Amino acid sequence: MQSAGIIGDFAEPRPWKHLPAEQQPDWRAHAAYDEACRSLAEAEPLATHVEIGRLRQSLSTVTTSGTLVLQSGDCAESFSECTDAHIADKLRVLDQLADRFSDLTGSPVIRIGRMAGQFAKPRSQATEIHGDQVIGSFRGHMVNSEAAAPAARAADPQRMWRAYQASSKVQRAIRNHRRRPGVPAGGGPWSSHEALILDYETRLLRRDLITGGLCLTSTHLPWVGERTRDPRGAHVALLSAIANPIGCKLGPTATPDEVLALCRALDPHHEPGRLTLIPRMGRHQIRDVLPPIVRAVTSAGYPVVWLCDPMHGNTVVSRRAGLKTRYLVDIITESLTFRDILDGHGQHAAGLHLEVAAGDVTECVGGPVPDEDRLSHRFTSLCDPRLNPEQAIELVEAWAKGVAAPA
Ligand code: PEP
Ligand code: MN
């Protein structure tokens with residue numbers, strides 16, 4: 001049962017409450033549900049109104065100034081990797097990539113981590129098979145455990161509070177890193193995650209008493225994922241109601257009409273910096289699917305930031321080990337095709353949304369990982385295959401050189 005009246009630290013209309021919401025855990029009958037929700041509702045904001053406003057301000061100049069954006073991090077963060085050392089490694093790799101991107105292109109780069117809250121995963125399949133058992137899918141550390149046992153996969157609302165605490169620690173490190181000397185204003189790093197679990201996100205809504213703006217204080221830049229971007233659904237309604245800059249993934253089935261409906265909901269006042277559209281269509285689909293969408297959004301006058309996610313449309317299952325993987329060549333091809341399409345329509349291709357590990361993993365094929373046989377050496381992702389730093393640098397270099405996309 002929903003605990004009455006506890007949504008953030010205010011009582012007001014909640015348009016998303018009665019709308020359909022995909023991908024939500026069934027945990028309201030759990031003994032710890034009310035307490036977890038109450039703790040979140042009373043908690044300090046993770047991202048402040050001022051910070052959120054700053055990121056929005058700096059995204060508002062991307063299109064006119066030619067500034068680039070690099071959004072990057074794990075597919076799914078892990079509670080066990082929220083140590084000081086792991087966080088420092090992640091920030092170091094984000095900086096390395098962004099610095100290289102900036103050096104090669106001559107443009108400033110706004111850095112945004114998939115960090116400090118990327119603990120919930122939407123899943124296409126509700127269950128998976130392990131040996132002779134069918135168990136619930138792993139849904140991110142905010143919901144359950146990756147251990148392959150039925151009990152570990154039960155949704156536990158106490159994990160929302162652990163996710164908040166882990167996020168708080170990561171957010172502190174991000175803030176300290178942003179404040180170090182010599183960092184250009186607005187350049188970040190900032191935090192971002194998919195705003196998926198409504199029980200968590202809605203309890204971290206806070207109204208700014210000075211400006212009156214409603215912010216989602218779980219992160220600086222929340223995005224709505226491919227599986228929950230129904231323009232009439234709860235996730236879009238929630239993001240419509242907040243003052244944060246927001247992102248929206250667009251998969252290969254997206255149509256111009258659907259994207260216009262999303263723009264109307266998410267950026268009704270046509271405000272630069274408000275909405276970042278993130279196509280993730282796949283190297284083969286992007287050529288056909290993206291151009292009519294860019295034309296529709298441009299002619300309707302939505303000043304969106306266009307960011308390419310070349311990861312999620314290019315996932316394949318490796319032939320040998322049956323592991324999910326991605327080929328660097330596909331990732332590079334989609335990125336360059338994206339850039340060509342945006343350039344061809346006179347629009348600014350603002351950069352990349354990536355899944356990159358801080359360590360030397362072997363999850364994607366290409367560069368230092370010559371073939372699928374190497375994948376099982378260091379495959380540590382909790383969810384999707386990430387590039388390692390060397391592969392990610394190769395991608396950034398390919399973007400900067402603008403090498404023609406291979407056939
Ligand atoms: C993700 O970014 O990890 C993800 C699940 O993306 P999408 O919603 O685009 O599938
Ligand atoms: Mn992913």
Side-chain angles (χ1 to χ4, degrees), residues 21-24 69-78 81 90 112-126 128 137-143 146 163 191-198 201 219 221-231 233-236 238-239 246-254 258-259 262 266 275-283 285-286 289-290 293 306-317 323-327 330-331 334-335 338 351-358 361 363-364 379-388 391-392:
E22 299 292 328
Q23 302 277 341
Q24 302 306 297
V69 178
L70 181 69
Q71 187 176 13
S72 171
D74 294 313
C75 176
E77 286 178 283
S78 165
E81 290 188 352
K90 291 177 191 188
I112 305 174
R114 287 174 60 113
M115 286 176 79
Q118 180 56 16
F119 290 113
K121 298 312 299 173
R123 303 311 301 260
S124 302
Q125 306 293 334
E128 12 179 278
S137 296
F138 172 57
R139 292 183 175 274
H141 278 172
M142 189 186 291
V143 178
E146 75 276 20
S191 62
S192 73
H193 67 254
E194 177 174 351
L196 183 69
I197 304 298
L198 296 173
E201 303 296 342
T219 191
L221 178 88
W223 77 83
V224 59
E226 170 66 5
R227 292 161 193 78
T228 51
R229 64 169 168 79
D230 175 358
H235 292 83
V236 169
L238 172 63
L239 293 202
I246 56 183
C248 179
K249 296 284 199 86
L250 299 175
T253 61
E258 224 170 60
V259 177
L262 285 164
L266 297 172
L275 178 59
T276 296
L277 291 179
I278 313 170
R280 33 82 87 217
M281 295 175 170
R283 68 170 281 188
Q285 291 91 334
I286 188 169
V289 180
L290 187 57
I293 291 175
W306 291 101
L307 210 56
C308 175
D309 168 358
M311 312 297 296
H312 288 88
N314 293 308
T315 313
V316 293
V317 177
L323 291 165
K324 274 206 278 186
T325 190
R326 293 160 174 158
Y327 279 75
D330 294 340
I331 292 169
E334 179 163 359
S335 306
F338 167 87
L352 294 162
H353 175 119
L354 304 177
E355 290 183 341
V356 178
V361 301
E363 297 172 4
C364 295
F379 199 113
T380 58
S381 179
L382 287 175
C383 195
D384 290 337
R386 302 159 295 176
L387 296 171
N388 60 37
Q391 293 169 326

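These numbers come from a predicted model, not from an experiment. In each ligand, atom 1 is the first atom listed, and ligand 1 is the first ligand listed.
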Heavy-atom closest pair (Leu382 atom, Ser78 atom, distance to 0.1 Å) is CD1-CB, 3.6 Å
For Lys121, is there an ion pair with Asp384 - N to carboxylate O distance below 4.0 angstrom? no
Walk me through it: do Arg227 and Gln23 pass the test side chain to side chain contact (heavy atoms under 4.5 Å, CB included)? CA-CA 8 Å; Arg227 292 161 193 78; Gln23 302 277 341; 3.6 Å; yes
Under 2.8 Å from the Mn ion (ligand 2), how many protein N/O/S atoms can be counted? 4
Can you name the nearest heavy-atom pair linking Pro252 to Met281, along with the distance? CB-O, 3.6 Å
List the protein residues in contact with ligand 1, where contact means a heavy-atom separation under 4.0 angstrom. Cys75, Arg114, Lys121, Pro122, Trp223, Gly225, Glu226, Arg227, Lys249, Arg280, His312, Glu355
So, His141 versus Glu81: side-chain donor-acceptor pair below 3.5 Å or not? no
For Pro385 against Phe379, the heavy-atom pair lying closest together: CB-CZ, 4.1 Å
Hey, does the side chain of Glu334 reach the backbone of Met311 with a donor-acceptor pair shorter than 3.5 angstrom? no
For Val69 and Thr276: C-alpha separation, side-chain torsions, deciding distance, then whether side chain to side chain contact (heavy atoms under 4.5 Å, CB included) applies. CA-CA 10 Å; Val69 178; Thr276 296; over 6 Å; no
Audit row: Glu194, Thr228, side chain to side chain contact (heavy atoms under 4.5 Å, CB included) steps and yes/no: CA-CA 10 Å; Glu194 177 174 351; Thr228 51; 3.8 Å; yes
